[in-house]
Amino acid sequence: MTIQKTINQTIEFVKKEFKNAESGHDWWHIYRVWKMSKNLAEYYPDTDHLVIELAALLHDVADEKFENAIEKLGELEAYITNLPITETQKEHIIHIIKGLSFRKSFEHQPERTIEFQIVQDADRLDAIGAIGIARAFSFGGFKGREMYNPDIKPNSFKNSNEYQKSTSPTINHFYEKLFLLKDMMNTEIAKQMAEVRHRFMEKYLHQFYDEWEGKK
Ligand code: ADP
Ligand code: NI
């Protein structure tokens, strides 16, 4: 099987997995992370681009926020086992996916290969900027949360459990997560992109607060 065929087959597998997904976290999120990963990979010619592409495509299939994450992880491992790639590549892909899906970043750091760093940056970039804003409101709506409530101040979370249980308004999510992401980028190029997206979100919030108070 050619590399292109392996990628196309994986795209079909992922599309099926995400058929009924909420719109901030659907096939199109995967598509954007895949595209961004390929873009970032161009700056790192000595990395394994096939591992990057496959890990990007598969990174959210077994996301720990879904109840059936463990079952999905089994399904995913079976899928990866059958791919026509080396054992080392298979292990590398599984390592990246586990590191990204299971919010271990609060507790311990998995080994960060460049391939890991690139997919993580791409995933984090998709949470900020214009798309990030849209995803936050989509997620908040899906969870029935308030858009904004000036009486509820943002929290800072001590662990992943506290973060997951949060019911705060969507605007608070900017302070609780989105504005922190720019300083968490691994690669130089992603840092530059994150800077631009970050400034866009700041500008957006200024306008939002002005409109909230009937100014402008
Ligand atoms: P990912 O799996 O892509 O790393 P998450 O699963 O944490 O990210 O979140 C998916 C999307 O929903 C992201 O864009 C994130 O910012 C948004 N989101 C997560 N939690 C909240 C929240 N409490 N309020 C608003 N948006 C949220
Ligand atoms: Ni993701």
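One is the number of the first residue; the rest follow in order along the sequence. All ligand and atom numbering here is 1-based and tracks the order in the structure.
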Inset, instruction - Using side-chain contact (heavy atoms from CB on, under 4.5 Å) as the criterion, point out the one residue from F200, Y148, F179 that pairs with L205. - result: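 For L205, the side-chain contact (heavy atoms from CB on, under 4.5 Å) check succeeds only for F179.
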Inset, instruction - Apply the side-chain contact (heavy atoms from CB on, under 4.5 Å) test between S37 and each candidate in L40, V33, N39; give the one that qualifies. - result: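 Single pass found, and it is V33.
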Where on [X] is there a heavy atom closer than 4.0 Å to ligand 1, on the side chain, on the backbone, on both, or on neither?
X    : result
D126 : neither
K143 : neither
D123 : side chain

Legend entry - Closest heavy-atom pair and its distance - I118, A41: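 Minimum heavy-atom contact is CD1-CA, 4.0 Å.
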Legend entry - Considering all heavy atoms, the nearest D126-R135 contact: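 Closest approach of D126 to R135: O-NH1, 3.2 Å.
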Legend entry - Atoms of type N/O/S from protein, distance to the Ni ion (ligand 2) below 2.8 Å: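 For the Ni ion (ligand 2), protein nitrogen, oxygen or sulfur atoms under 2.8 Å: 4.
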Inset, instruction - Run the numbers on E188 and K191 for salt bridge (charged side-chain N to carboxylate O under 4.0 Å, His left out), then give the verdict. - result: CA-CA 5 Å; E188 227 18 75; K191 277 182 197 155; 3.6 Å; yes
Legend entry - Flag side-chain contact, heavy atom, 4.5 Å: H95 against K90: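 H95 does not reach K90 side chain to side chain.
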Legend entry - Numbered atoms of ligand 1 (with element) below 4.0 Å of H29, judged on heavy atoms: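 Numbered from 1, ligand 1 contributes 3 (O).
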Inset, instruction - Using a strict 4.0 Å cut-off to heavy atoms of L178, name the atoms of ligand 1 that fall inside it. - result: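 Those of ligand 1 that fall under 4.0 Å from L178 are 16 (O).
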Inset, instruction - Might you work through the salt bridge (charged side-chain N to carboxylate O under 4.0 Å, His left out) test for K35 and E53, ending with a clear yes or no? - result: CA-CA 9 Å; K35 283 286 170 117; E53 285 198 48; over 6 Å; no
Legend entry - T170 N/O to ligand 1 N/O under 3.5 Å: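 By distance alone, the answer is no.
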Inset, instruction - Would you mind finding which of H173, Q120, R145 brings a heavy atom closest to atom 17 (C) of ligand 1? - result: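 Residue with the shortest heavy-atom distance to the ligand atom: H173.
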Inset, instruction - Show your reasoning for whether side-chain hydrogen bond (donor to acceptor under 3.5 Å, both in side chains) applies to Y79 and Q9. - result: CA-CA 11 Å; Y79 178 80; Q9 176 206 303; 2.9 Å; yes
Inset, instruction - Consider ligand 1: state whether an atom of it lies below 4.0 angstrom from any non-hydrogen atom of R124. - result: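 No.
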Legend entry - Sub-4.0 Å heavy-atom approach of E176 to ligand 1: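 In this structure, E176 fails to qualify as a contact of ligand 1 - no heavy atom is under 4.0 Å.
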Inset, instruction - If the plane angle is over 60° it's perpendicular, under 30° parallel, otherwise tilted; pick one for F208 and W212. - result: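 Parallel.
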Inset, instruction - Verify the distance criterion only: is there a donor paired with an acceptor across the side chains of Q207 and E211 at less than 3.5 Å? - result: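 Note: Q207 and E211 side chains meet the donor-acceptor criterion.
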